[in-house]
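Heads up: numbering here begins at 1 and tracks the sequence.
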Amino acid sequence: AVSMASPWNILRCLHLWKAKGREWGYDLFTAATLRIANLQLGCEPGDLEGLLNVLANNGFPEWLDGTIDLERPDAWEIYFRETVDNTLAFLIKANTIAVSLYIVFFLGASVTGRSGSRSPIRSFLGSGLLLFRTYGIGIAIGWLAINKIRSSPWGQNISAGRTLMRPFPVVKDVMRDDPSVSKGPTTVPLRTDVLVGTRLASKTIGVYSRWHDFHPGNRKFMEDISAFGGKFFRSLQLSFPILAGTMVQGAMQDIQKDSGRFLQQDYRTGDWRLMSQSEALEYIRMKFFLGTNTVEAVIKDEIDFLIGDYRFGFARLTAMSKISQTRLQALEKLLITTHHSEEVSTSKRRLASLSITASKRKSQLETAADSITKPSCKRVLEEHKASTNLFEDSNKELPELRPLAEVNWHCTDSEDEEGDQIPATLLSIFDDGHAQIALYGEWAYEFGDEPVIEVPMNELTPRIQPVEGLRVSGNYRRLGEWFGGKIHNVRPSGRISILYDDGDFENETELERYIVE
């Protein structure tokens with residue numbers, strides 16, 4: 001689109017210009033502050049140190065920095081607020097001193113007669129006029145601009161706390177037993193996984209609502225949907241339901257053969273949860289039923305946008321938002337059925353009956369919503385263990401390493417600790433038995449100026465991705481001692497919470513401080 005081409009995309013992000021009929025989307029300031037407010041990736045308290053290093057390298061004076069407390073959850077907010085206050089105070093003080101010196105200089109010149117042929121009064125008035133031109137015009141323009149911004153809908157929303165309030169609801173403030181969210185264990189997404197996102201369903205962010213479509217696993221999955229979904233699958237489902245079921249199973253196996261999984265994002269926390277086999281099959285069947293660029297797909301998108309508005313919009317903390325989400329989910333279930341012809345007829349009869357009375361409609365929608373059942377986290381974890389040989393007999397051969405696989409590098413030449421297990425991504429495999437890997441975390445620049453190094457293949461082992469409920473060994477508080485425990489929760493950043501066997505609990509444990517057993 002023209003509005004997303006340079007330089008128009010920059011003007012749009014700065015809220016200076018947009019194409020007619022387009023949404024503004026989030027401007028850069030709002031997007032950054034929303035990420036900070038919600039402690040998203042890159043804006044967690046510990047990540048503030050990275051920003052400080054960038055500022056220091058660019059010559060930002062340290063004496064203007066606000067309080068730096070990486071242990072506090074509001075570290076970013078405190079730092080920015082105090083840094084802005086310090087900078088404003090410095091500018092006011094510097095300009096006050098400059099104006100004072102200017103006035104003293106010209107008063108002295110007037111008294112001593114060094115102002116030339118001009119009278120002292122004229123010299124003083126001329127100096128005042130110069131000060132007015134220097135500061136008065138700038139202050140007037142700034143005052144008008146600020147008032148114009150404050151009176152705009154954007155400024156009013158910020159002043160009222162509607163725009164920069166926490167964008168995603170706190171779990172305790174919303175439904176804990178939301179039937180639309182999988183109850184599977186939390187985990188970390190991989191390139192080969194299919195991601196079912198729930199936080200990008202909004203028209204206000206423009207094309208970013210399609211962000212997950214470009215994820216490698218989603219792109220591969222959508223190739224089958226584009227080729228066989230829509231009218232073809234619906235006709236096949238009505239005429240040959242067994243063949244349609246085989247197609248669904250084949251699509252799932254196509255993802256699993258590359259160690260891919262189906263993950264759903266919990267909109268309340270942002271965590272990615274492992275979908276059960278039945279949930280994944282139902283999702284695949286629905287995507288085949290909808291197809292791409294069909295009326296049914298458009299209806300599904302519109303319902304998702306409405307649900308997103310009630311989850312993250314201005315009314316998200318109201319009782320109406322919770323009720324509306326339930327009703328919309330039930331309506332979606334009735335409108336977009338993915339089963340054989342008998343169920344299609346049943347759905348049509350249900351839809352026809354909705355027009356009889358409002359009370360009957362409410363009863364049917366509530367019944368449909370209550371009929372959605374989700375498997376427990378423990379059951380999904382058992383399915384996950386049964387589907388991979390990494391959790392079975394340790395004598396079995398580990399899967400062959402391929403480029404872009406997550407690995408552990410058994411570093412034997414580390415100066416600090418012999419035998420460190422360093423997390424990395426495998427980039428390339430060479431014929432001489434070496435491989436190129438990309439390090440991350442605190443190890444990224446430990447072995448050179450670049451995070452990409454070459455190591456022997458025999459020092460690499462597959463890195464088992466963390467899944468809630470699996471056993472791990474953790475380096476407790478970086479003390480150098482490793483203790484056994486279970487994963488209590490997995491964050492999208494790869495950090496986990498560990499409940500150790502001795503009862504201790506550790507939160508936000510980094511990648512390099514735990515190994516899945």
Side-chain angles (χ1 to χ4, degrees), residues 13-15 25-91 146 149-150 154-155 157-174 186 188 199-200 202 204-205 208 211 265-272 311-314 316-317 440-442 444-445 477-478 489-497 506-513:
C13 288
L14 294 175
H15 267 234
Y26 282 131
D27 61 280
L28 298 180
F29 171 77
T30 304
T33 49
L34 284 176
R35 292 180 64 83
I36 293 172
N38 201 48
L39 298 180
Q40 288 183 284
L41 296 183
C43 295
E44 298 173 1
D47 298 321
L48 178 59
E49 189 174 2
L51 173 67
L52 298 177
N53 293 334
V54 173
L55 293 177
N57 293 335
N58 286 276
F60 187 80
E62 294 184 3
W63 47 272
L64 286 179
D65 283 335
T67 301
I68 302 172
D69 187 355
L70 303 182
E71 300 298 324
R72 295 189 55 167
D74 55 351
W76 283 82
E77 180 184 347
I78 293 174
Y79 173 78
F80 276 122
R81 184 174 62 246
E82 295 188 3
T83 300
V84 171
D85 290 343
N86 293 342
T87 303
L88 180 61
F90 165 73
L91 292 175
I146 290 175
I149 292 173
R150 284 178 176 173
W154 182 81
N157 288 336
I158 289 181
S159 300
R162 290 190 293 266
T163 296
L164 295 183
M165 65 190 295
R166 182 181 175 92
F168 303 120
V170 180
V171 178
K172 66 180 181 180
D173 294 334
V174 296
T186 52
V188 178
R199 286 191 162 191
L200 297 179
S202 175
T204 59
I205 58 177
Y208 291 105
W211 185 269
Q265 189 178 35
D266 189 333
Y267 71 90
R268 300 162 296 189
T269 61
D271 295 340
W272 290 97
R311 284 175 174 172
F312 313 126
F314 294 158
R316 58 183 173 269
L317 298 181
Y440 47 84
E442 66 176 15
Y445 297 96
R477 294 187 177 179
R478 297 181 180 272
N489 180 261
V490 183
R491 297 294 296 151
S493 61
R495 297 181 179 182
I496 66 173
S497 301
E506 187 173 22
N507 199 20
E508 294 291 321
T509 308
E510 298 88 347
L511 282 168
E512 58 271 14
R513 289 205 293 124

Rounded to the nearest 0.5 Å, the CG atom of Leu88 sits from the OG1 atom of Thr83 at a distance of 12.5 Å
Grab the two heavy atoms, one from Pro492 and one from Gly270, that are nearest each other, plus how far apart they are.
CG-O, 3.2 Å
When rounded to the nearest 0.5 Å, the distance separating CG of Asp47 from CG of Leu52 is 11.0 Å
Got Phe60 and Val54 here, is their nearest side-chain heavy-atom distance under 4.5 Å?
no
Show the nearest heavy-atom pair for residues Asn489 and Arg491, with the distance to one decimal.
OD1-CD, 3.6 Å
Checking Glu506 side chain against Arg477 main chain: does a donor-acceptor pair fall under 3.5 Å?
yes
Search all heavy atoms of Tyr79 against all heavy atoms of Ile68 and return the closest pair with its distance.
CD1-CG1, 4.0 Å
Return the CG to CG distance between Leu48 and Asn53, rounded to the nearest 0.5 Å.
9.5 Å
Looking only at non-hydrogen atoms, find the nearest pair between Leu51 and Phe80 and report the distance.
CD2-CZ, 3.7 Å
Val490 side chain reached by Asp271 side chain, heavy atoms, under 4.5 Å
no
Which heavy atom of Leu70 sits nearest a heavy atom of Ala75, and at what distance?
CA-CB, 4.4 Å
Does Glu510 come within less than 4.0 Å of Arg478, counting only side-chain N to carboxylate O?
yes
Going by heavy atoms in the side chains, are Asp69 and Ile78 under 4.5 Å from each other?
no
